[in-house]
Amino acid sequence: MKDMSQIANAVETGTNKISARDVNVFYGDSQAIKGVDVEISNNTVTAFIGPSGCGKSTFLRCLNRMNDTIDICRVTGTIRLDGEDIYDKRVDPVQLRAKVGMVFQKPNPFPKSIYDNVAYGPRIHGLARSKSDLDEVVERALRRGAIWNEVKDRLYAPGTGLSGGQQQRLCIARAVATEPEVLLMDEPCSALDPIATAQVEELIDELRENFAVVIVTHSMQQAARVSQNTAFFHLGELVEYGETGQIFTNPQDPRTESYITGRIG
Amino acid sequence: MPLTWLILFLFALAALGFIAGRVRAVNSAGGDVRELHSLPNYYGWNVALTALVPALAVLVVWLFVQPLMIERSVSGMIPEELIPEGSQRSLVMSDVRRVAHGLDMAVRQGALSEDDASDIRAGFTDLRGRLADVGVALGSDVRPEVLSAAQRYRQLNATGTLWQSIIVAALALGGLTLAYTRTHKGFRARNVVERAILALLILAASIAVLTTLGIVLSMLFETRNFFGLHSWSDFFFGTTWAPNFRGDSELSILPLLWGTLYISFIALAVAVPVGLFAAIYLSEYASAALRSFAKPLLEILAGIPTIVYGMFALLTVGPMLVNFFGRGPDGVLGVDWMSGATSVLTAGVVMGIMLIPFVSSLSDDIINSVPQSLRDGSYGLGATQSETVRQVVLPAALPGIVGAVLLAASRAIGETMIVVMGAGAIAKFSLNPLESMTTITTRIVSQLTGDTDFASPETLVAFALGLTLFVLTLGLNILALYIVRKYREQYE
Ligand SMILES: Nc1ncnc2c1ncn2[C@@H]1O[C@H](COP(=O)(O)OP(=O)(O)OP(=O)(O)O)[C@@H](O)[C@H]1O
Ligand SMILES: [Mg+2]
């Protein structure tokens, strides 16, 4: 591949953040995820790649129990966050989601002002002691979302009035403001132009300093550019998982090879 | 009945035309249907419609116009001095029609011959007695002028009907012939049928629009009559509602408007919180199984006739409230604030119950149309369900919900049966919800029922009230629709 030169810098292996063992997910009778084992490290960007419908989003949503909101969805196996089983009865999914934040494929700002969008999480979780404290939290999040300069003069304008790419960065800022430990991103750049995509990718690389980031993407180049580890899913199975450079230059499984060279998809 | 026969004839002709047109078209293509421009049935329809539609249209117009023309020409035969003091020409004309009808009946039953009916003179024979025999009762003896007018009326009617049949039948035959001769394999029958269908749809739409227009115009007309008899400043700015059929009434809308708005306010105070919470539960919390059975149930509630709610107000809620707030030491609270079962509170509460399903099913639709991605976004930030509902779903749905509330308000303002039975009949300004009050709709009912005289302001005021009510609810509806539509666009 010609992008090999762009493959991200050397991996600084973080400690283990999430470990999934033998995870199966069922929608009613049909099985969408089949016995997946994955380790996700701290301070690392992990990319999930694979053809459409292979279960990337489904697996991502298991990691913060967003699948609980789907009636027919059933998850088996264990997923540990810092050694604690997140599907344990004692775990409050609401608390879990504050720790494992999520950015969606389609930008979904709330119909509120830009400020209120970002302040939403901190307000709910009581992260700010005073109004000026909250102002600071909001500003920091917007700066980390690489959108501060564009919106600092109109913080009280509706978030829905921004462009698609700005909305997506606003959603990232919103997720970051809650101070999560893990950030899940489901195709965060699918609605963005190349410039905004570059900004978001840069952002992802910065976020790695504080979080474990998991990103689903359809773009091989993007996976190669931003991630340190890559997982290849196919038909609900985890086919191959390893260092990104390894996966792209020297895939072990023939299915991985045909996918990254564009023969299945 | 010649009219029935005429119509049957038209339809028989159309059926015949259908078959003939079809056959001719197929023959013109030498039996090969693929040669035809349109499918064979279109040719049939073309002939049938060309025969039927103009003839029917002329018939309908004729049926409207003929009575008017005859009325005018006969009414000229009645001399001015024949009209009694204080009566009207139209009353004498109705006598004329009655006699003419009696003569028709007599001829049909064989009590008179056709010639006799046209020739008899009122003086010779006891016409009143004879007509009574055939079942037509007359208030007084028939005067010669009325009798001759009636005979003229019959004669004109007979000629008119004859010409009507001839012209309509001729038109139908002409249309049939024309369309039949034009039928040929190249003729675009399909396009003709398309236009006929379009015309039918336009006709249906314009009937709906014109009826509304007609209702409004007739109300406007009567309202103008009312304002000719009664001062408008008393109607809009007076303070008392005291109709008095001997004249000299005070007819102000304000006390009625106050009662209407007060009762509607209480109704909304009941319906909006309950309906909204029910909608939130059903759309956000309830399982699919529960929803699939609770929602239709709520909608059944919406189908209960309001008279049943009225009975409920009068027989259940009213006495229950009296038990609480009335009856002095015997009552539950030991107070004597309420004297009868009818009160603002009774009507308001029951109307509120009636509006609950209305509010909840509208709000439910609106809440459901808030995109799931917003909820996901909120859950993804670690919000609980009720936080999500309060801070994301409801604000997003708010404009739509306001629209729903306005629609409910306009229903409350126009509601009649519940207030007739539950609110009482006293027009006054009062803040006490335990007193009887009355509304615009109840007063319309009471002014128009019983003995009414359409020349007195006490009756005509009903139209002015009705028109005000119409304008009020129309305004509310337009505002509500505007808000709801604006809200819809937000998530396109
Ligand atoms: N809510 C749901 N109900 C039933 N089946 C579902 C649901 N969501 C996903 N699925 C099924 O689960 C499988 C995996 O879906 P998923 O959305 O995880 O795929 P994906 O890898 O994210 O695809 P894409 O790249 O197109 O987003 C698919 O076969 C899909 O049909
Ligand atoms: Mg997906």
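A note on names: the letters A, B, ... follow the listed sequences, proteins ahead of strands, and every chain is numbered from 1. Keep in mind that what you see is a predicted model, and the values were worked out from it rather than measured.
Within the 4.5 angstrom heavy-atom criterion, no atom of S287(B) approaches chain A.
The interface of residues 54-79 of chain A with chain B, defined by heavy-atom distances below 4.5 Å, comprises R61(A), M66(A), T69(A). Within residues 80-108 of chain A, the residues having any heavy atom less than 4.5 Å from a heavy atom of chain B are, in residue-number order, V94(A), R97(A), A98(A), V100(A), G101(A), M102(A), F104(A), N108(A).
The shortest heavy-atom contact between S378(B) and Y120(A) is OG-OH, 2.6 Å. Across all their heavy atoms, L374(B) and P109(A) have their closest contact at CD2-O, 3.3 Å.
Inter-residue side-chain proximity for P180(A) and L381(B) is flagged as unmet; no heavy-atom pair is nearer than 4.5 Å.
The local environment of CZ in F429(B) is crowded, with over 12 non-hydrogen atoms from other residues, nucleotides or ligands closer than 6.0 Å. Surrounding CZ of F265(B) are at most 12 heavy atoms belonging to other residues, nucleotides or ligands under 6.0 Å away.
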Donor-acceptor contacts, no H, no angles, side chain residues 390-412 of chain B, under 3.5 Å, sequence neighbours left out:
residue : atom : partner : partner atom : Å
S410(B) : OG   : L407(B) : O            : 3.4
S410(B) : OG   : N477(B) : OD1          : 3.0

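Residues passing the salt bridge (Lys or Arg N to Asp or Glu O under 4.0 Å) test with R169(A), sequence neighbours excluded: E150(A).
Between atom CD of residue E387(B) and atom NE2 of residue H125(A) there is a gap of 7.5 Å, rounded to the nearest 0.5 Å.
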